[in-house]
Protein chains: 2
Amino acid sequence: MVVTIKDVAKRANVAPSTVSRVIADSSRISLDTKKRVRKAMKELGYYPNVNARNLAVRSSQAIGVIMPSSAETALQNPFFPEVLRGIGSTAHETEYSLYVSTGGNDEQLFEEVKRMVYGNRVDGMILLYSRVADPIMDFLVEANFPFVVIGKPYEQESRITYVDNDNYHASLELTNHLIDYGHRHIAFIGGTTDLVVTMDRLRGYRSALKKANLDFKDDYIVHDEFLRSSGRKAVERLFSLKKPPTAMVIADDMMSLGVINMLEEFGVDCPEDVSITSFNNLYLSELIRPALTTVDIQIYMLGVQSAKCLIEKLKHKEEPAKRIIIPYSIKFRNSTKNIN
Amino acid sequence: MVVTIKDVAKRANVAPSTVSRVIADSSRISLDTKKRVRKAMKELGYYPNVNARNLAVRSSQAIGVIMPSSAETALQNPFFPEVLRGIGSTAHETEYSLYVSTGGNDEQLFEEVKRMVYGNRVDGMILLYSRVADPIMDFLVEANFPFVVIGKPYEQESRITYVDNDNYHASLELTNHLIDYGHRHIAFIGGTTDLVVTMDRLRGYRSALKKANLDFKDDYIVHDEFLRSSGRKAVERLFSLKKPPTAMVIADDMMSLGVINMLEEFGVDCPEDVSITSFNNLYLSELIRPALTTVDIQIYMLGVQSAKCLIEKLKHKEEPAKRIIIPYSIKFRNSTKNIN
DNA sequence: GTGAAAGCGCTAACAT
DNA sequence: ATGTTAGCGCTTTCAC
């Protein structure tokens, strides 16, 4: 039924090991036998059994992609398909396969990761997020398993390879833009506080306020998931304040979308009554009205680079930890207004 | 270093085979030994090596997800992440892993599929598209490999399990809606002609025209990829006609997006000057202005159901071929105008 | 109810 | 340059 290396060997009149060497394109096999063996493979329709191979060499040619615990919710944000595109493209070029986590809750995800690692399912992995005190990251470090993270690690920064943007400065710049435009009441809507990216962007925002001698008000800070619904909720909170903000820095376009929707329902006009700046430059950010002024973080590139790093690391076990900062650029569009 | 079944066996004072049976939760192992073995596994931090297991049982607990050949382009359409979400959710529940194709060209994809099949990488697969004369589908049928397709197979419909919408009637209904609204010059912008879904939707459109005694004009038919750019190109063509259409049936929201953009650039107002109806109900369809009248095909559900079918099939080898039609509903929004 | 041993398909010394 | 052989870690007869 299934054709194995032995069948090929028989047909080509060589030993199985020779066939194996031909597969690996070993240099110490004569061109002649190579040809014969390859011919036999073609004729028999031979395909190597990856499980056997992986078992023998203790590796798979696969990389694991770890989404945040609830992959299902996460995939609602176009950020993830977009990094996936980048990763997939590199994986394809280098003939690696892609294994993606299927989510569940934190604990289940952790189990899935362990199965991938101990079960030899993947040779390395890419974490698509970075949280403070993430058991998964700790585990990977501990196990000395090759991985790279998209985002900045919370601890052991210098020992972990990661691909990130300069979120601090991007946020600073964004906030400055708002200040330049005359805004003095600027709110910040960020992701959950356990995400490092949230902290970085928040820091940038605070620095900008400080430099401009503006008060930092706790009321103006909202944290929630990178979802549309979170944006809506945030607006509800902020606009029930005695003094609602006239501008906001929002950490994700999807959230901004929710913000704009809710603002509309509240009868608050953007950018007339309130200015918005955002992050990610998802393609929808130029579709909606007003088109968003947002930071292009080059999501696709984040994916490509992280995969490249990982694969290098797999090839050369002792590759040092690297840090790659993907440049950002601010796309100025119509969601802010100069009120000077 | 790595802890194997032997280590566990030693620790629990049993034979490796017993450990194996405990893993499989065999009924002929005494509760007592089970406990002992499980304890040993915990203590040692044992995780089964999937490669070894798969090799022994000739299966993986993984399902392959095949995107259209250029996964990279495809992922630009939110349709794919959305089905992926559905598939992933089911996979997670049933403890299957997900293996996604990384694209390339047709030939490379075919090779990837063969590697998955012959290499025992996956137990079954889900095709996320259906084309006429698709070598991959032929191959899977031929090899008698378990798979399900999202969309309607071109041939051997009764022998292949698939999950689809009633695209014919949806399209018919959409076109009728336009006709009811007084439109007589209705164009059709569809996907490439090799996709079955394109044909089905085109048939629906034609039937509607016929019943209303309207001419079918070749000039009014455009075929291209499900991309934004295709929508733009289509508009260029259609609006260089002596008599441009006053309405269009568009087979994908992403295309519709391009159409609307281009229309705007042409100074043609939608829905004032031209009405648009579309397919898929991507979340962006309610974001853009005008909000799209579009067919909700329940993408997520397509994913969930296809995965369910596949897994059933894997469990019961002789499960008959099934056809599952996911109901659609038309979301009426603001992209059409009654010109009666 | 449990153990011994063969074998899944491949690779990698070690020979020659 | 090629063959022989011993595993890789697990499952599964077949014994007992």
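Each chain gets a letter, A, B and so on, in the order its sequence line appears, and its residues count up from 1. Predicted model only: the values in this text are computed from it and were never measured.
OP1 or OP2 of D:dT11 has at least one side-chain nitrogen or oxygen of B:Arg53 nearer than 4.0 Å.
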Legend entry - Test log, rule side chain to side chain contact (heavy atoms under 4.5 Å, CB included), inputs B:Asn49 and A:Tyr118: CA-CA 7 Å; B:Asn49 180 316; A:Tyr118 290 132; over 6 Å; no
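Between B:Asp32 atom CG and C:dG1 atom C1' there is a gap of 11 Å when expressed in whole angstrom units. In this structure, B:Lys6 places its NZ atom 9 Å from P of D:dC10, rounding to the nearest Å. Between B:Asn54 atom CG and D:dC8 atom P the separation is 18 Å, expressed in whole Å. Computed from coordinates, the A:Arg121 CZ to D:dC8 P distance equals 21 Å when rounded to whole Å. In this structure, B:Asp25 atom CG and C:dT2 atom P are separated by 13 Å, rounded to whole Å. As a whole-Å value, the separation of B:Tyr118 OH from C:dC10 C1' is 19 Å. We find that CZ of B:Arg58 is positioned 10 Å from C1' of D:dT11, with the value rounded to whole Å. Summarising the geometry, the separation between CD on A:Gln61 and P on C:dT11 is reported as 12 Å, rounded to the nearest angstrom.
Residues of residues 37-44 of chain A having a heavy atom closer than 4.0 Å to DNA chain D: none are found.
Side-chain contact between A:Gln156 and A:Val141 is present, with heavy atoms from C-beta onward closer than 4.5 Å.
By the side chain to side chain donor-acceptor pair (under 3.5 Å) test, A:Arg38 is found to be paired with A:Asp25, residues two or more places apart in sequence or in another chain being considered.
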Kindly give the atom pairs (protein nitrogen or oxygen, nucleotide nitrogen or oxygen) under 3.5 Å for nucleotides 1-5 of chain D.
{"unit_1": "D:dT2", "atom_1": "OP1", "unit_2": "A:Ser30", "atom_2": "OG", "d": "3.3"}
{"unit_1": "D:dT2", "atom_1": "OP1", "unit_2": "A:Thr33", "atom_2": "OG1", "d": "3.2"}
{"unit_1": "D:dT2", "atom_1": "OP2", "unit_2": "A:Ser30", "atom_2": "N", "d": "2.8"}
{"unit_1": "D:dT2", "atom_1": "OP2", "unit_2": "A:Ser30", "atom_2": "OG", "d": "3.3"}
{"unit_1": "D:dT2", "atom_1": "OP2", "unit_2": "A:Thr33", "atom_2": "OG1", "d": "2.7"}
{"unit_1": "D:dG3", "atom_1": "OP2", "unit_2": "A:Ala15", "atom_2": "N", "d": "2.7"}
{"unit_1": "D:dG3", "atom_1": "OP2", "unit_2": "A:Thr18", "atom_2": "OG1", "d": "2.6"}
{"unit_1": "D:dG3", "atom_1": "N7", "unit_2": "A:Ser17", "atom_2": "OG", "d": "3.4"}
{"unit_1": "D:dG3", "atom_1": "N7", "unit_2": "A:Arg21", "atom_2": "NH1", "d": "3.3"}
{"unit_1": "D:dG3", "atom_1": "O6", "unit_2": "A:Arg21", "atom_2": "NH2", "d": "2.3"}
{"unit_1": "D:dT4", "atom_1": "O4", "unit_2": "A:Ser17", "atom_2": "OG", "d": "3.0"}

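At a threshold of 4.0 angstrom between heavy atoms, the contacts of B:Tyr46 are confined to the sugar-phosphate backbone, with no base atom among them. Within the 4.0 angstrom heavy-atom criterion, base atoms lie near B:Ser20.
There is a side-chain donor-acceptor pair under 3.5 Å between B:His92 and A:Gln108. A donor-acceptor contact closer than 3.5 angstrom links the side chains of A:Asp194 and A:Thr192.
A centroid separation of 6.0 Å or more is found between the aromatic rings of B:Phe147 and B:Phe139.
Using a cutoff of 4.0 Å between basic side-chain nitrogens and carboxylate oxygens, A:Glu111 and A:Arg115 are not scored as salt-bridged. Taking 4.0 Å as the cut-off between side-chain N and carboxylate O, A:Glu312 and A:Lys308 do not count as a salt-bridged pair.
Interatomic distance, A:Ile87 CD1 to A:Glu82 CD, rounded to the nearest 0.5 Å: 11.0 Å.
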